[in-house]
2 protein chains.
Amino acid sequence: MLWPIFSIIVSLLAFCLAAYFYGWVKKLPIADGPLSNVGLLVRNGAFTFIRREYKVLLRFVGVVSVLILLFFPKPIWSGEVKLNILMAVAFILGSVLSGLAGWIGISIATIANTRSATAAQKGLAPSFMAGFRGGAVMGLAVVGTSLMGAALLFIVTENPEIVLAFSFGASSLALFAKAGGGIFTKTADIAADLTGKVELGIPEDDPRNPAVIADNVGDNVGDVAGMGADLFDSNIASIAAAMVLALPLGQTDLIFCFGGIGLLASMLGIIITKVGANGNPGKALNRGTYLTNFIFFVLSLAAVLIFKFEFRLWLATSIGMLAGVIIGFTSELFTSDEGKPVMHVAKACQSGPAFTIISGFAYGLLSTFPPIIGIGGAALAAYKVCEPLGAGYPLLGIAMSAIGMLSVVGMIISNDAYGPIVDNARGMAEMGGLGDEVLRITDELDAAGNTAKAITKGFSIGAAGLTVIALLAAYQEIVQKAIGQIQLFSILDPLVFFGMLTGIAVPAVFSAMLMMGVDRNAERMVKEIHRQFDEIPGLKEGVEGVVPDYNRCIDIATVGAIRELIPAGLMTILVTMAVGFIGGVTAIGGFLAGNITSGLLLALLMSNAGGMWDNAKKYIEAGNFGGKGSDAHKAAVIGDTVGDPFKDTAGPSINTQITVVSLVSSLSAAIFLAVSIF
Amino acid sequence: MLWPIFSIIVSLLAFCLAAYFYGWVKKLPIADGPLSNVGLLVRNGAFTFIRREYKVLLRFVGVVSVLILLFFPKPIWSGEVKLNILMAVAFILGSVLSGLAGWIGISIATIANTRSATAAQKGLAPSFMAGFRGGAVMGLAVVGTSLMGAALLFIVTENPEIVLAFSFGASSLALFAKAGGGIFTKTADIAADLTGKVELGIPEDDPRNPAVIADNVGDNVGDVAGMGADLFDSNIASIAAAMVLALPLGQTDLIFCFGGIGLLASMLGIIITKVGANGNPGKALNRGTYLTNFIFFVLSLAAVLIFKFEFRLWLATSIGMLAGVIIGFTSELFTSDEGKPVMHVAKACQSGPAFTIISGFAYGLLSTFPPIIGIGGAALAAYKVCEPLGAGYPLLGIAMSAIGMLSVVGMIISNDAYGPIVDNARGMAEMGGLGDEVLRITDELDAAGNTAKAITKGFSIGAAGLTVIALLAAYQEIVQKAIGQIQLFSILDPLVFFGMLTGIAVPAVFSAMLMMGVDRNAERMVKEIHRQFDEIPGLKEGVEGVVPDYNRCIDIATVGAIRELIPAGLMTILVTMAVGFIGGVTAIGGFLAGNITSGLLLALLMSNAGGMWDNAKKYIEAGNFGGKGSDAHKAAVIGDTVGDPFKDTAGPSINTQITVVSLVSSLSAAIFLAVSIF
């Protein structure tokens, strides 16, 4: 139990560092004027949404935990009550901790945004630090709680299936948080853009726009809380999958060793990351990520040599980490505003919106190739490296490569949360009237967030890919344990094939439901904004002292997001159960493979196409191809609007969707074995 | 050899009927005035393209047949020269016959278009008959040549692998024909729409537009020749796959029996299909399809009972046919202009182009679900129905379900070719100045073509899906024969998984390349049109006697299409070879599964989303949501333009792409077994 305890100690250290940063950020000054009021509006809006969302999710968690208590892993009347109770408790713990991580994230993000805006008055470096350390609080809290939770549960139960239930709790909450936040943020963003930028021609964060506060709230609930829940979930899932595979081989120590070292490396990376007065903040963030990778590489190698862990498992871990770096690089190539694809998309904007869409979509399709090959190659290499160790090890190797890719997750989350914080700071600076120099600085910080996002997004999709492959292996292990013999899922078994076809359709239907949700919700909000413009005298004209009713817009986004997220999440779980009850564990094997592959394809396509449209718009706004206001710009805005639900709602939610499906399958394996038509 | 001979006899009958229709259509009168000249321009343009395309493809066929001669199925120096020669000959025969079918199709289509336009002066029924019988020539020729070719090869060699090579010849030609034609037609269509409808506000087929002839040529080379090659290929592939699986079980007779009966049923269906003076042509076409299904059902049942074939194999065949009907129905539901999705997309147009795209894309994603489940369900049911017959039969059952779905392929092609013929007739009527009543009639016939298209498209994607599953099974059979033991492709085998991930990326990259090709090519043509408008005095204003330089546009479309199709086709084949040389036959198994599943997903998504945008535009043009010229209409036109390469270039080409990959894999199995890294 040495290494689980080591993880717990590192987690506690991470909490201390997070608490220190929290206090540090909170003590920073807020500029006089309307800024603090705007900050309060955003903070209250975000908490209103989260409270309401959590209230709904509480019911979901309640229902599912009762179901787990009654049926999982085996019906309660078949005897083993203790396991059912443990599972239900682990599930609840997972969802509560995931919720907590989101809560902490929002709390710090809505503190750091005003501070970062204010600090920009003193220059780029202080503003950067406020944003980055705010993000770091989130990163450290998320990784600390997930690692500690997994370690504690393992110490108490020594049963990896309990950790799977913990992971299921986290990921089902993440599914809703990601989808709900994604719908909220894009509802507000699209509605604000359409009515403000397009119809009235006023700037992005103009306080006249009734949706502007909702838009800023959206950054927090969508990007901060949703993304945090997502990576919380990937992190636990990779640990859980690895544990299922590692336990029979007596290799669980390694997981906690690497988990702890990864968190340690992230802490060091976070502390080191700084930017000079005239430095490049984007480069600083990426340098931090690569440095963290390097620290993990060295420390983990040292640990393997000193404590005599299996060297080949370390190699597999390093392969995963390397693949993460490569995937990050290529997704940056495709979405960076200096890259060829973005330039081409921007150029296509000159021929009109149809060409904007076609070229962005085509490049999006193309961009799926390198990361998919990267994930496949990493899995293959990790497997082959561990093959000489004997049966069981090759699949554990794949799981370790996922752990390797996620080793720097603390740093990744910090970078990722930095983005919406400085994006918010930019909006705050505009609404708070902090002047052009501050806007220039916050614009630069915001752009850096986008650069970093390309790399972190590459990491998180790659990690999800390897994690679900590991979960698939864990699923096989669980089925094998239950039926007492190895279960091969042959692609020519018609049940496997049937499952596979159903599996590939699920991410498509899931994203369709989310996108339609955004569509419907944005329509409702546009109507409300038009009503306010019509009914509040002086609002459109910008008469001094006339303020829109911001809260109505927040309300619409909140109610709509909650209404739309439930069916999409439930569909995912219900189809999984249906396939299991029809085709049994065999069909589920194919279902998982189909779901993973099509999920990866669609997630990459949507994320990257969305990113390209976004950056093509920015490229034109920087004065190319006619600049702002030109026909090319109008076409680019249309592309960007299409890309919004692609990259911020559907795309990233698919990650979580495939994890949830994998976990539901593993947990329900015993039931499908007992009851199924075929 | 009774049944292969029966097929040949039926094929000969089909040729007679086709020849009769050809003569019948050709004897119909052409209206006086510019019509015959316009018809000649289109006909010459189409043949110019086909001649140039075939010249390039001739080189491809030459190179590949030499490679086959040298290496397939085994290197020529390993002894068995005879098989290599036979394979090369079969390959050449397949590609030549496929090319011939396309040639015949274009020949009759460019005769029937002017006749159908002229006949519309006498009313709807005669015009319909000219279009439909023109299409039937194509349908009968395609099915007759493919069936006769397969039967002859089987009689001579009794080796199903030779039929696979025949199929490979047909499908590799189809790949290029479909992709090339698809790029040509959408290049011209988009360029004509953008410059004519959008910029100048002139009608679709206005003779002032320099791209208008190219646009009409495109209907022929893209929809007629390309689609014919595609279904020619599917039909042979399903026969070839079934033969590989049927030979060890002594069931090859059944394939030729059902093939012959299917063609017979199509002939009867074609003869019966008529429309009254005030009848509904769309319903007439669909009635014809369902009637053909019914005739096949009855005749095949009779044959099974009389000649004592396996009843369960007949059941599997019927399951496939039924699934085809269901898939056709649901895809009609999604794309019909009376359906909810199209209405929703049309409504979204009111909020602007971004919402048009988002909602069409979301519904497109959603629409993939029913057909994918239909294909998966049909395969599962066919397998299970044949399971009691013993080993080998279940997979043959899947192949028979593909044969069942393709049983009415003659009728399907006739309906499908009818569409572009009457579409062309409409354009001819406009350019030939045949008056409003003729335009009304040809518009109605054109709309009927679109309705029929939804169902036939459902059939052809479904059939491709089942066919490639059967080809996957055939691949397994070939590998098993080569290594002497059954090869299970377990999804957790890392080579299978690696192959699967690579496989899912290929259709994405392939469609990206085609879409970019259209994009680039359309840009070139728009430039040329602008040049003509600028440089030819009086052209824009429509001065009497001023004609644009139509041939320059045809030239641009031709050169561009040929230039763009080669890399996409080669990429597909080369990636397959690369995966095979890296991961051997095991990786190829996964590669096929991934390629099939993601290919189906993307093909359905793109075809259906494109269809929805098209019909949403038509719905608005019919006077809803503001009608022509409104903002909603402008948004709908953008959606339609995005949908063009989706539904007419990339979407339908994927069908062929997955077939080609499957065939290359089966034929190269022996080589991958001999040479591979892992």
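We use all heavy atoms of the structure for the numbers below, so side chains are in, but hydrogens, waters and symmetry mates are not. Just so we're on the same page: letters track the sequence lines, and every chain starts at 1.
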Per-residue contact mode, [X] against chain B (heavy atom under 4.5 angstrom):
X	result
A/Lys634	neither
A/Leu592	neither
A/Tyr363	both
A/Phe355	both
A/Ala378	neither
A/Leu495	both
A/Phe497	side chain
A/Leu604	neither
A/Ile582	neither

Considering non-hydrogen atoms only, spot the tightest contact between [X] and [Y] and give its length.
X	Y	answer
B/Ile372	A/Leu501	CG2-O, 3.1 Å
B/Leu194	A/Ser351	CD1-O, 4.4 Å
B/Leu492	A/Leu472	CD1-O, 3.9 Å
B/Ile491	A/Ala593	CD1-CB, 3.8 Å
A/Ala512	B/Ala362	CB-O, 3.1 Å
B/Leu601	A/Ala508	CD1-CB, 4.0 Å

Using a cut-off of under 4.5 Å on heavy-atom pairs, state which of [options] scores highest against chain B.
options	value
A/Thr641, A/Leu488, A/Leu366	A/Leu366
A/Val526, A/Ile469, A/Ile373, A/Val496	A/Ile469
A/Leu514, A/Ile638, A/Ile190, A/Ile596	A/Ile638

From [X] [atom1] over to [Y] [atom2], what is the distance, rounded to the nearest 0.5 angstrom?
X	Y	atom1	atom2	answer
B/Ile357	A/Asp519	CD1	CG	11.5 Å
B/Ile504	A/Ile504	CD1	CD1	9.5 Å
A/Phe489	B/Asp493	CZ	CG	13.5 Å

Are [X] and [Y] packed together at the side-chain level, in the sense that at least one heavy-atom pair is separated by less than 4.5 angstrom?
X	Y	value
B/Pro645	A/Ile358	yes
A/Leu602	B/Leu365	yes
A/Glu523	B/Lys347	yes

(request) Determine whether the aromatic ring centres of B/Tyr383 and A/Phe498 lie less than 6.0 Å apart. (result)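 No, they do not, as the ring centres are separated by 6.0 Å or more.
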Shorter than 4.5 Å, heavy atoms on both sides: which option in [options] has the most such pairs with chain A?
options	result
B/Pro394, B/Pro353, B/Ser598, B/Gly643	B/Pro353
B/Gly594, B/Pro494, B/Ala650	B/Pro494
B/Ser490, B/Gly376, B/Ala505	B/Ser490

(message) I'd like to know whether B/His344 forms a side-chain contact (heavy atoms from CB on, under 4.5 Å) with A/Arg520, so could you lay out the CA-CA distance, the side-chain angles of the two residues, the decisive distance to 0.1 Å, and finally the verdict.
(response) CA-CA 11 Å; B/His344 274 286; A/Arg520 276 190 293 265; over 6 Å; no
(message) Taking side chain as everything from C-beta outward and backbone as N, CA, C, O, which of these in B/Ala382 sits under 4.5 Å from a heavy atom of chain A? Side chain, backbone, both or neither.
(response) neither
(request) For the residue pair A/Phe646 and B/Phe361, categorise the inter-ring angle as parallel (less than 30°), tilted (30 to 60°) or perpendicular (more than 60°). (result)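 Aromatic pair A/Phe646/B/Phe361 classed tilted.
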